[in-house]
Amino acid sequence: MIKIGALVSGGGTNLQAIIDKIESGGINGSLSIVISSNKNAYALERAKRHGADTLVLSPKDYDNRREYTLALIDALKEKQVDLIVLCGFMLILDPVFSEAFPDMVMNIHPALIPSFCGKGFYGLHVHEAVLEKGVKLTGATVHFADGKVDNGPIILQKAVEVRIDDTPEILQKRVMEEAEWKIFPEAVALFADNRLRIEGSRVRILEKKGGRF
Ligand code: GAR
């Protein structure tokens, strides 16, 4: 059983999708701690309902990004987590974060990386940019996070159709329902089953062990 730590900032629907898969026995792990950058995040309620420990660490209480990142690292190390999931975490952390947790941090991005990603592309802004560009396909990406924004070996991606009358809100909902809430819990389950191997910038997914032996 792996111990999972989650960082959140908002509604936490991706956190909920992971909680649902844990509760249905689909992830060989438990949620040790949920840390929010925002005391009003609804994600905290979801965590409490599941029985997970919660903590609010607000960037306003720290002098700079590095100090804030170090506080997050301390809280996660204390819980001895094996995997950290960024579930709609809207802050850019100091690179010391991914150095402290190499190949242990997973992020969900609401587009097909390397499109519509990087600084400024978060939440609804991503879907606004997709509609402005006029692409016909978008989607979601789960990747291991390295020190750069929306960067690191890609684990799973799923494409989603863009429709002519979409608004950013409608498109966001479709991307969540058809892609994010499926591939993020799935990637966590694969990690917990030790089926992910990073090979340079690529991730190999090992076959599920079968048979009787
Ligand atoms: C999700 O669409 C997630 O992919 C995105 O914000 C939303 C959070 O929703 N994350 C980013 O843009 C991070 N770069 P949630 O709180 O309901 O999971």
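Order of appearance sets the numbers: ligands from 1, and atoms from 1 within every ligand.
Residues L196 and I205 approach most closely at CD2-CG1, 3.9 Å, considering heavy atoms. Nearest heavy-atom pair across L93 and R65 is C-CD, 4.0 Å. When all heavy atoms of D150 and F121 are compared, the pair lying nearest together is OD2-O, 4.0 Å.
If you chain together hydrophobic residues whose side chains sit under 4.5 Å apart, Y42 and F184 never meet in one group.
Under the side chain to side chain contact (heavy atoms under 4.5 Å, CB included) criterion, A52 pairs with L31, V34, A47, H50, sequence neighbours left out.
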Tabulate distances under 3.5 Å between N/O atoms of ligand 1 and N/O atoms of the protein, writing both atom names on each line.
from     : atom 1 : to   : atom 2 : distance (Å)
ligand 1 : 2 (O)  : E180 : OE1    : 3.1
ligand 1 : 2 (O)  : E180 : OE2    : 2.9
ligand 1 : 4 (O)  : E180 : OE1    : 2.6
ligand 1 : 12 (O) : G123 : N      : 2.8
ligand 1 : 16 (O) : G12  : N      : 2.8
ligand 1 : 17 (O) : G12  : N      : 3.4
ligand 1 : 17 (O) : T13  : N      : 2.7
ligand 1 : 17 (O) : T13  : OG1    : 2.6
ligand 1 : 18 (O) : T13  : N      : 3.4
ligand 1 : 18 (O) : N14  : N      : 3.0
ligand 1 : 18 (O) : N14  : ND2    : 2.9

Legend entry - Candidate pair L72 and Y62, rule side chain to side chain contact (heavy atoms under 4.5 Å, CB included), full reasoning: CA-CA 11 Å; L72 284 174; Y62 296 85; over 6 Å; no

